[in-house]
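One structure is given here, and the rest of the page talks about it.
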Amino acid sequence: DSFPPEVLEKIIAKLPQQSRVALRMVSRRFNNIVQPFELQTLTLQMDHAIRSSKIIDRDDPDKATCFRRFAFPPTCNYSFFESTKIGHLEISKSNPIFIEDDNVEHLTALLSGCAVEKVTLVFDIRTIANLNKVPSFLSSLQAMHVVFALEKTMHYDMITPFLLDDFAAKLVSAGVREVSFSGEHVNGRVQEGRPQTEDHAWHLCDSPAFSFDLLLNFFEAGIKNITVYTKALEHLSKDISKEEFDSFLENLDRLAGPVRAELFLTRSSELWDPPNSRDGRYKRYDNDRAIVHVTTSTVKVPPTPRPAGYRQHVTIEYK
Amino acid sequence: RIYPLMRVTLTTSDGASVTVSRQLTKHSGFIEKAITDMAVDDNAVPLSAVAVDVDDATLKLVIEWLTEHRDDALPYPEKTDEERRADDIPAWDQAFVQKWDTKEDQQQTLYAVITAADKLDIKGLLDMTCKTLANKINGKTVEEMREILQLECDFTEEELAEIRKENAWCEN
């Protein structure tokens, strides 16, 4: 009973869920320390059947593959937990709960009392205009990392809404410090296919090969860490030019404070200097004020019907 | 750089003095910080005494463990949630804990070593002893856990009923 809380937490962290549950009933002190329950991942997915039951993973009894099914939108006041921590709250890309109608309000109520580290939200062309609802939702969850899973970025401009209305500054005010972008295929509802008019055709717009402006906008607002996966911010029909990338690095150099970017870039052959060392570091930008490390490695990606070029994993660290 | 022949004298809570190699004390964040704060010449042999809030018998066990683990890599690697397991205690460490004679002695000694590892900031020893205690608790009933942890139930019946209700969703 004399162990300090951090030692008890170490011991509890090595116990499976069933033993933690039992430990709560040992004494008030353990009950206080074991609470709140921590969930590594909570995935929300729309389904048709409503059933109140829990399904346990046979191979891992600590893991509930389905915790609960419930009516959505909720028909009464209901929240999942009185108080808990969730590592990753993930809106499933299969039958997602989109940010539309009153869904944010419902989700906020369902998750009241939850502190969430990372949140994945799914947007399609119908819902991307509702981005402005995101900062307050993330603030209510105390989330520091948000993943934007964007549907059909190759067909529509899913990027401009991120640059409007000081969205990045609002994210930072909400407590967010890390942002990821991914381009996703979303299952579950009939989506518009390719745009019917050229007005909305992202691939026909005079848009850059990669939305470096968005990265700069987010870094300037105070986001410290950005990860961009393939098909998220890139214009698939264009290669990134050396001038574009150099310009981005020069602008990055003007920012204050450390930032880190992990990018999957589609590059043209002249983007990088030939490798000058065996560890995969291609280029090092030095100047009077800062150093930007650019480290790349070739990434294996499925073949795509696009012009010759390479996808490369690029890590940019600005300190 | 730590020179193997450099020595440091530790004074225990019950007044004993033990002189050990810096090669061992480098694993203790507490002792290394104390030496740094003293700003003594690193070549002083032995260094001025460092007072540790650990009794002589427990410190001897700590030194025995440090001697076996003197070549372990530093800093001790931080574990992610997924890596936090309790079934990977090395054979030497298991035998080290097992030899603490009777069940009651073993328990008391284990608690004393956990406390010492925490006070001296020896991450590897703290990790191993916490795993040992977690393994003792794991799979036991609430009553058995209370016996191992030497705790009395301080809940009311109503409070226990409330916790049982809250726990219901995560019991298989």
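In what follows, chains are A, B, ... by sequence order, proteins preceding strands, each numbered from 1.
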Looking only at non-hydrogen atoms, find the nearest pair between A:Ser19 and B:Gly139 and report the distance. OG-N, 3.0 Å
Shortest non-hydrogen pair, B:Leu133 vs A:Phe3, comes out as CD2-CE1, 3.9 Å
Taking the side chain as everything from C-beta on, heavy atoms only, tell me whether [X] gets closer than 4.5 Å to [Y].
X: A:Val26; Y: B:Ile137; value: no
X: A:Val7; Y: B:Thr115; value: no
X: B:Glu159; Y: A:Asn31; value: no
X: B:Met145; Y: A:Met25; value: no

Rounded to the nearest 0.5 Å, what separation is found between the CD1 atom of A:Ile11 and the CG atom of B:Asn135? 11.5 Å
How long is the gap from CG on B:Asp118 to CD on A:Glu6, to the nearest 0.5 Å? 5.5 Å
Within 6.0 Å of CD in A:Glu117, more than 12 heavy atoms from elsewhere: no
If you count heavy atoms of other groups shown closer than 6.0 angstrom to OH of A:Tyr229, is the number above 12? no
Applying the side-chain contact (heavy atoms from CB on, under 4.5 Å) test to A:Arg24, which of B:Leu160, B:Ile163, B:Val142 qualifies? B:Ile163
Which atoms of A:Ile12 are under 4.5 Å from chain B, going by heavy atoms: the side chain, the backbone, both sets, or neither? neither
Is there a donor in the side chain of B:Asp154 and an acceptor in the side chain of A:Ser27, or the other way round, less than 3.5 Å apart? no
